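Note that the coordinates shown come from a computational prediction; the quantities given were computed from them, not determined experimentally. Counting begins at 1 with the first residue of the sequence.
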Amino acid sequence: MKVHRLIFLLLLFGYQVCCKTYVHIDYSLTVEVPSEYSVELLGRAFLMETNQMEPSFRVAVSVEPIIGRYSCSLQVFLGDVKVWNSGHYSHFYTSDKCALELTKDGDLRLKGSNDRVGWRTGTSGQGVERLEILKTGNLVLVDALNRIKWQSFNFPTDVMLWGQRLNVATRLTSFPTNSTAFYSFEIQHSKIALYLSSGKWNYSYWEFQPTKSRNITFIELGSKGLEIFNDKYKKIAQISSFGTQFQPLRFLALGNKTGNMGLYFYSPEKRSFEAAFQALNTTCDLPLACRPYGICTLSNACSCIRLLTAKKGAGSDCNGGFSEGFCDKGQPEMLELSGVSSVLRTAPKRVNVSKQTCENLCLQDCKCAAALYSTSLRECFTYGLVSGVKQVERGTGLTFMVKVPNGTQVSHGKSNVKKWVLVMVGVIDGLIILLVIGGLGYCLVQRRRRRRRNMLASDNNNT
């Protein structure tokens with residue numbers, strides 16, 4: 001067996017084992033893991049690379065620090081962008097080594113301490129001859145007749161590459177740090193959509209539907225846009241890149257920080273990837289633009305719904321200390337916020353109901369955290385989490401109601417609490433406006449002073 005062992009400290013900036021596009025069976029590559037944990041240490045050994053113009057695809061065995069432990073994974077990169085990861089859904093933690101093996105019987109494995117297998121392709125006995133990285137970025141195991149026995153394209157993560165096809169009922173996912181929620185980009189028969197999921201709750205926050213209610217069978221990323229096809233392989237719609245773009249699209253990505261979906265091309269001048277399209281173009285349209293129980297204001301700033309409770313006084317966090325829910329917690333009440341809405345869609349809906357009925361529907365369900373009522377449409381939407389809340393223009397006829405513990409008003413009454421919350425939003429917007437005006441005034445004063453000094457200097461030179 002051809003064995004490569006690499007010391008972790010040599011891998012802080014990556015180590016190139018070879019530049020081939022493939023490796024044969026009976027191959028092994030091992031990365032040593034340090035005994036002491038450090039968030040700054042990152043081990044990465046590149047074993048394959050495509051023969052194409054920059055940026056090329058590269059395959060690496062990686063050891064990464066994750067919450068006090070080291071994770072071992074097989075990864076594919078396009079330039080410096082990670083486009084596939086064997087540990088995307090489940091981390092394989094190891095303590096002393098991270099070993100990649102392509103066994104004689106054709107199984108690709110990652111092994112850790114005591115030869116424990118943490119990830120595998122399950123292709124033993126299928127005639128696999130080699131592991132290869134294609135020019136499309138697809139990592140494949142093939143037999144002697146070049147028939148694909150396993151491919152990374154069948155296991156999408158948070159990136160879709162050019163030429164890659166995703167069928168109905170498949171999805172991309174990304175996981176924001178320090179959050180139990182996750183984002184997904186999903187292909188359904190009637191639409192493609194972005195979702196925020198938390199526990200059993202699942203809400204869309206962006207959707208695209210083909211015209212004439214045509215059904216979707218699969219999507220594919222082309223050079224000029226995301227192409228949508230029906231069951232007869234006929235293109236029925238396309239999401240095109242905006243502006244003038246001369247370079248072909250290289251990938252679609254679902255951001256783990258924002259949950260935004262973008263189409264990206266490579267700019268040779270900037271030597272980086274640039275967005276040619278983004279599903280959401282304003283901060284307040286993002287589902288987690290602010291923390292839970294926060295409001296994204298008209299100036300794209302975040303303000304807490306910081307509530308006063310009888311027991312705790314002002315809440316130290318946006319949720320006022322009641323994020324654990326309301327089941328078996330006594331009788332709650334609803335706090336009304338006018339001029340506030342939610343970016344979250346596909347919430348349970350009731351039609352032709354009054355605002356009082358909408359309020360009662362949420363109060364009677366201990367798992368309901370908020371409700372949105374439309375006066376003009378007489379529609380009621382209920383939510384299991386308070387996220388994606390944003391301020392909207394007055395006169396929309398929308399009322400957002402947040403469930404709070406009984407006694408939140410202290411002794412001032414419900415209307416005063418409502419007024420206090422909205423004043424906090426207005427104060428932050430006002431401060432931002434004052435800062436902008438003050439900055440502009442300062443610049444004008446400084447410009448006049450410089451002009452006056454220049455005129456005096458010119459007069460002195462003339463005399």
Among residues two or more places apart or on two chains, list those pairs meeting ring-ring contact (aromatic ring centres under 6.0 Å, His included) that have a residue in residues 164-191.
H88-F175, F175-F182
T136 vs Q164, test: side-chain contact (heavy atoms from CB on, under 4.5 Å). Steps then yes/no.
CA-CA 8 Å; T136 59; Q164 186 173 358; over 6 Å; no
Please determine, by modelled atom types, if N85 and T157 share a side-chain donor-acceptor pair under 3.5 angstrom.
no
Basic-acidic side-chain contact under 4.0 Å: E64, R44
yes
For I295 and Q391, which heavy atoms make the closest approach, and how far apart are they?
CG2-N, 3.9 Å
Any chance the side chains of N406 and Q331 put a donor and an acceptor closer than 3.5 Å?
no
Are side-chain N/O atoms of S374 and E379 paired as donor and acceptor at under 3.5 Å?
no
Backbone N/O of L344 and side chain of Y205: donor-acceptor pair under 3.5 Å
no
Go through L221 and L249 one step at a time and tell me if the side-chain contact (heavy atoms from CB on, under 4.5 Å) criterion holds.
CA-CA 8 Å; L221 184 62; L249 295 174; 4.1 Å; yes
Relative to the ring of W150, is the ring of W84 parallel (under 30°), tilted (30 to 60°) or perpendicular (over 60°)?
perpendicular
Exceeds 12 heavy-atom contacts within 6.0 angstrom, atom CZ of R350
no
Where do S71 and I66 come nearest, in terms of heavy atoms and distance?
CB-CD1, 3.6 Å
Taking atom CD of Q52 as the centre, does the number of heavy atoms from other residues, nucleotides or ligands within less than 6.0 Å exceed 12?
yes
Using atom types as modelled and distance alone, determine if a side-chain donor or acceptor of K390 lies under 3.5 Å from a backbone N or O of V340.
no
Would you check, one step at a time, whether the test disulfide (SG to SG under 2.5 Å) holds for C284 with C296?
CA-CA 5 Å; C284 287; C296 192; 1.9 Å; yes
Check whether any side-chain heavy atom of V140 sits under 4.5 Å from a side-chain heavy atom of S152, and report yes or no.
no
Using ring-ring contact (aromatic ring centres under 6.0 Å, His included) as the criterion, point out the one residue from F273, F251, W162 that pairs with Y264.
F251
Should V59 and E49 count as side-chain neighbours, where that means a heavy-atom distance under 4.5 Å?
no
Within the side chain of T170, is there an N or O that forms a donor-acceptor pair under 3.5 Å with the backbone of N167?
yes
On a heavy-atom basis, the closest approach of H91 and G87 is ND1-O, 3.6 Å
Kindly say whether Q356 contributes a backbone atom to a donor-acceptor pair with the side chain of Y373 at under 3.5 angstrom?
no
Does atom NZ of K355 have more than 12 heavy-atom neighbours from other groups under 6.0 Å away?
no
Mind listing the closest non-hydrogen atom pair of W206 and I192 along with its distance?
CZ3-O, 4.1 Å
Nearest 0.5 angstrom please: F155 CZ to S86 OG, how far?
11.5 Å
For the CG atom of L141 and the CD1 atom of I148, what is their distance to the nearest 0.5 Å?
9.5 Å
Can you tell me if S174 uses its side chain to pair, donor with acceptor, with the backbone of G255 under 3.5 Å?
yes
Using the ring of F265 (Phe, Tyr or Trp, six-membered ring only), decide whether R250 places NZ or CZ under 6.0 Å from its centre and within 45 degrees of its axis.
no
Show the numbers, then the answer: is there a side-chain contact (heavy atoms from CB on, under 4.5 Å) between L226 and I219?
CA-CA 7 Å; L226 182 64; I219 64 172; 4.0 Å; yes
Closest heavy-atom pair and its distance - F92, G112
CZ-N, 3.4 Å
Chi angles and distances behind the side chain to side chain donor-acceptor pair (under 3.5 Å) call for Q238, S240
CA-CA 6 Å; Q238 176 171 308; S240 301; 3.1 Å; yes
Looking only at atom types and distance, does a side-chain atom of T21 sit under 3.5 Å from a main-chain N or O of E132, one as donor and one as acceptor?
no
Taking atom CZ of R214 as the centre, does the number of heavy atoms from other residues, nucleotides or ligands within less than 6.0 Å exceed 12?
yes
Atom OH of residue position Y89 - does it have more than 12 heavy atoms of other residues, nucleotides or ligands inside 6.0 Å?
yes
Is S198 reaching over with its side chain to a backbone N or O of W201, donor-acceptor style, under 3.5 angstrom?
no
Taking the inter-plane angle between the rings of F218 and Y233 on a 0 to 90° scale, is it parallel (under 30°), tilted (30 to 60°) or perpendicular (over 60°)?
tilted
Run the side chain to side chain donor-acceptor pair (under 3.5 Å) test on N230 and T217 for me, step by step, so that the C-alpha distance in whole Å, both residues' side-chain angles and the decisive distance to 0.1 Å come before the verdict.
CA-CA 5 Å; N230 62 13; T217 299; 5.8 Å; no
Taking all non-hydrogen atoms of both residues into account, name the closest pair between Y266 and E54 and its distance.
OH-OE1, 3.6 Å
Is it the case that more than 12 heavy atoms not belonging to D80 sit under 6.0 Å from its CG atom?
no
Kindly state whether the ring of Y203 and the ring of Y195 have centres lying under 6.0 angstrom apart.
no
Please check this pair: side chain of T50 against backbone of F57, looking for a donor-acceptor N/O pair closer than 3.5 Å.
yes
Is the closest basic N to carboxylate O distance between E186 and K191 below 4.0 Å?
no
Is there a donor-acceptor pair under 3.5 Å between the side chain of N260 and the backbone N or O of L280?
yes
Step by step, work out the side-chain contact (heavy atoms from CB on, under 4.5 Å) result for V63 and L42.
CA-CA 6 Å; V63 175; L42 172 65; over 6 Å; no
For T375 and G397, indicate whether the former's side chain and the latter's backbone hold a donor-acceptor pair under 3.5 Å.
yes
Kindly confirm or rule out a cation-pi arrangement of R69 over Y93, judged by NZ or CZ under 6.0 Å from the six-membered ring centre and within 45° of its axis?
yes
